[in-house]
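These notes concern the structure reproduced below.
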Amino acid sequence: MSNTKPILPKGMRDFTSEVMFRRNYIFETVKSAFERYGYAPIETPAMENIGTLTGKYGDEGDRLIFKILNSGDYLSKTDLNDSTTSKSLTKQIVEKALRYDLTVPFARFVVQNRNEITFPFKRYQMQNVWRADRPQKGRYREFYQCDADVIGTDSLLCEVELVQLYDDVCSQLKIPNVDICINNRKVLSGMVELMGATDLFEDVVITLDKLNAIGLEKVKEELLEKGVKSESLSILDTFLNTKTVSDLSSLLEQSEIGKKGLEELQFVIDNVTKLGLQSANLVFDITLARGLNYYTGCILEVKANDVKIGSIGGGGRYDDLTSNFGLKDVSGVGISFGIDRIYLVMEELGLFPNNIDVSTKVMFANFGFDEAAFCLPLLKQLRAAGISSELYPINAKMKKQMTYANNKGVKFVIMVGEDEMESGILSVKNMESGEQSNLSIADLIKQLS
RNA sequence: GUGAUUGUAGCUCAGCUGGUUAGAGCACUGGUUUGUGGUGCCGGGGGUCGUGGGUUCGAGUCCCAUCAGUCACCCCA
């Protein structure tokens with residue numbers, strides 16, 4: 001008999017019940033916030049055709065897409081020769097892939113279901129995504145994203161709303177010291193245009209994004225390496241020296257796209273400021289870029305400053321994502337919450353309430369066949385009253401039954417033996433205080449509901 | 001794809017410059033009142049020391065290779 005080792009593939013995780021109670025707490029908080037803001041749920045499948053995904057995330061993104069090998073005798077359909085490479089072979093034997101994020105499948109969904117959808121369409125989606133990345137802290141190969149998007153309008157009020165949504169959720173979860181960083185891709189385009197490096201936009205922007213991590217000097221070195229002219233760097237300096245959005249207006253005077261971006265940025269910041277945030281800070285950050293290719297306007301990223309981890313959420317506006325699937329002129333904007341990272345932040349800061357990990361509230365101890373039979377209708381009544389309860393399945397030793405109840409966090413253990421069966425009065429033990437009381441089932445239900 | 005680091009019981013680890021039958025805590029299990037847990041006491045099971053070579057009279061300990069995990073870079077939630 002072969003004995004398979006019980007191990008998981010790299011970057012994949014099991015979740016114990018204890019963890020799931022906590023994860024669900026986050027999920028519920030995010031979900032109810034989404035619904036409070038008028039977003040409706042959808043789901044898309046784990047798999048997409050590979051063409052749906054490639055080319056949407058940048059080169060690095062494409063590399064990290066998990067591909068699914070075709071079924072059947074795929075070898076007989078391949079054309080192998082001397083010039084065959086892994087990459088060219090992949091195209092012949094792979095037609096499907098696991099989704100890399102929720103936004104691109106959503107764009108596909110919108111185009112495919114455009115006749116069923118009323119625009120502007122506000123949807124939320126909470127599903128797992130997969131990336132063939134090297135795992136490390138806060139980075140997994142399978143993780144959950146919770147997205148809210150509005151598609152079918154270019155109104156900047158959506159951006160304002162999404163910033164509030166971020167603030168709302170972080171406040172409810174009581175995550176302290178949260179920065180919601182904001183920037184605009186058009187502002188970056190304007191800057192890169194003035195630097196005379198429009199062709200290198202992606203490179204410049206990705207390098208710039210590392211400023212906090214590697215410092216200005218390294219950034220400049222890297223930009224020069226990538227082909228940016230040295231005289232352009234002084235222009236970069238003037239941009240980096242801006243503290244507020246209004247400082248940018250004179251700098252971007254010469255760039256149409258830059259001016260447009262600035263206007264957008266100003267609108268969002270002004271409105272958010274006017275409304276006020278509960279606990280998070282809205283921070284303008286000229287270095288915020290985001291690597292995903294499809295962003296075109298406002299970009300957002302959320303950081304929990306008290307924990308050393310990547311961002312716990314990100315998002316932005318994409319003006320043309322649906323045109324990849326044949327639907328033009330549909331602008332969308334959305335945000336994503338990284339549940340797994342939020343979990344780590346909350347765990348590290350001890351933010352989980354302690355009463356979220358209880359499932360069974362009442363347990364009947366099992367004293368034997370007749371006694372168990374007596375308990376079944378009582379159990380039914382408790383459950384009908386909405387009280388989560390169970391009967392220990394076998395007549396095991398009391399110690400074992402009590403240990404089970406204790407480890408499971410059961411609040412009350414009910415003991416029904418001969419005396420209780422005769423009188424109908426139950427012995428109810430409070431597992432926290434250790435006190436025992438005698439109650440009828442009606443009184444117990446009254447007390448617990 | 002690049003670099004660093006670790007690999008001893010189910011889990012967290014100890015094991016000094018290589019030396020007899022490899023340890024602890026937790027967990028599990030049995031007893032300590034055969035209707036009572038979480039705190040006490042006594043007992044028990046469980047390890048080819050990641051794997052494969054090498055050095056040596058002798059390797060958990062040293063050397064090489066290999067695999068796996070973790071962390072960092074790249075990129076990202």
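Throughout, a chain's letter reflects where its sequence line sits, starting with A, and its residues are numbered from 1. Everything numeric here is computed off the predicted structure, so don't read it as measured data.
R13(A) has its CZ atom 11 Å from the P atom of U70(B), to the nearest Å. Between the CD1 atom of I299(A) and the C1' atom of C76(B) there is a distance of 14 Å, rounded to whole Å. In this structure, the CG atom of D59(A) is 12 Å from the C1' atom of C75(B), given to the nearest Å. Per the geometry, CZ belonging to R139(A) stands 13 Å off P belonging to U70(B), to the nearest Å. R141(A) places its CZ atom 14 Å from the C1' atom of C75(B), with the value rounded to the nearest Å. Atoms CD (Q401(A)) and P (G37(B)) sit 12 Å apart, rounded to a whole Å. For the pair K137(A) NZ and C71(B) C1', the interatomic distance rounds to 10 Å; values are reported in whole Å. When rounded to the nearest whole Å, the span between CG of D14(A) and P of G10(B) equals 17 Å.
Among the atoms of the strands shown, base atoms are found under 4.0 Å from some heavy atom of E60(A). Within 4.0 Å (heavy atoms only), F367(A) reaches at least one base atom of the nucleic acid. Within 4.0 Å of T403(A), counting heavy atoms only, lie sugar-phosphate atoms of the nucleic acid but no base atom. Among the protein residues, I339(A) comes within range of no part of the nucleic acid, since none of its heavy atoms lies under 4.0 Å from any strand. At the heavy-atom level, G138(A) lies under 4.0 Å from base atoms of the strands shown. Counting non-hydrogen atoms under 4.0 angstrom, G310(A) reaches nothing in the nucleic acid. Residue-level contact check: M398(A) touches the backbone only, with heavy atoms under 4.0 Å from sugar-phosphate atoms and none from bases. D101(A) comes within 4.0 angstrom of no nucleic acid atom, judged by non-hydrogen atoms across all strands.
For Q278(A), the CD atom counts as densely surrounded, since its 6.0 Å shell holds more than 12 non-hydrogen atoms of other residues, nucleotides or ligands. Applying the 6.0 Å contact sphere to NZ of K174(A) captures no more than 12 heavy atoms from other residues, nucleotides or ligands.
Rounded to a whole angstrom, the distance from the C1' atom of G7(B) to that of G50(B) is 6 Å. Atom P of G1(B) sits at a distance of 37 Å from the matching atom of A59(B), rounded to the whole Å. With P as the reference atom, G60(B) and C16(B) are 12 Å apart, rounded to whole Å. Nucleotides G10(B) and G46(B), compared at atom P, are 12 Å apart to the nearest Å.
Taking only side-chain atoms of K397(A), from C-beta outward, the nucleotide of A72(B), G30(B), G35(B) with the closest atom is G30(B). Nearest to the side chain of R63(A), among G37(B), A72(B), G1(B), sits G1(B). Here the side chain of S427(A) is nearest to one of G35(B), A77(B), G1(B), namely G35(B). Closest to the side chain of M415(A), out of A77(B), G31(B), U36(B), is U36(B). Of all nucleotides listed (A77(B), C75(B), G38(B)), G38(B) comes nearest to the side chain of N406(A). Here A77(B) is the nucleotide among A77(B), G35(B), U36(B) with the atom lying nearest to any side-chain atom of R131(A). When the nucleotides C28(B), G35(B), U36(B) are ranked by their closest atom to the side chain of D419(A), G35(B) comes out on top. Distances from the side chain of Y140(A) to the nucleotides A77(B), C74(B), G37(B) place A77(B) closest. Considering only the side chain of S311(A), A77(B) comes nearest among A77(B), G30(B), C74(B).
For Q136(A), no side-chain nitrogen or oxygen approaches OP1 or OP2 of U70(B) to under 4.0 Å. When the side-chain nitrogen and oxygen atoms of R134(A) are compared with OP1 and OP2 of G3(B), none of them lie within a distance under 4.0 Å. Between K411(A) and G38(B), a side-chain N or O to OP1/OP2 separation shorter than 4.0 Å is absent. OP1 or OP2 of G69(B) has at least one side-chain nitrogen or oxygen of K10(A) nearer than 4.0 Å. OP1 or OP2 of U29(B) has at least one side-chain nitrogen or oxygen of K400(A) nearer than 4.0 Å.
The NZ atom of K220(A) sits 11.5 Å away from atom CG of L208(A), with the distance rounded to the nearest 0.5 Å.
With hydrogens and angles left out, the side chain of K399(A) and the base of U32(B) share a donor-acceptor pair within 3.5 Å. At a cut-off of 3.5 angstrom, counting only N and O atoms as typed in the model, there is a donor on one side and an acceptor on the other between the side-chain of E420(A) and the base of G35(B).
Taking the 5.5 Å centre cut-off and the 30° plane limit, the aromatic side chain of F337(A) is not classed as stacked on A77(B).
Between V302(A) and G11(A), the residue anchored nearer the 5' end of RNA chain B, judged by the nucleotide with its closest heavy atom, is G11(A).
Y295(A) and Y318(A) have tilted rings, their planes meeting at an angle from 30° to 60° on a 0 to 90° scale.
A cation-pi contact, defined as under 6.0 Å to the ring centre and within 45° of the axis, is absent between K56(A) and Y294(A). Annotation: cation-pi geometry not satisfied between R141(A) and F66(A) (NZ/CZ under 6.0 angstrom from ring centroid, within 45° of ring axis). R131(A) forms a cation-pi arrangement with Y100(A), by the criterion of a distance under 6.0 Å to the ring centre and an angle within 45° of the ring axis.
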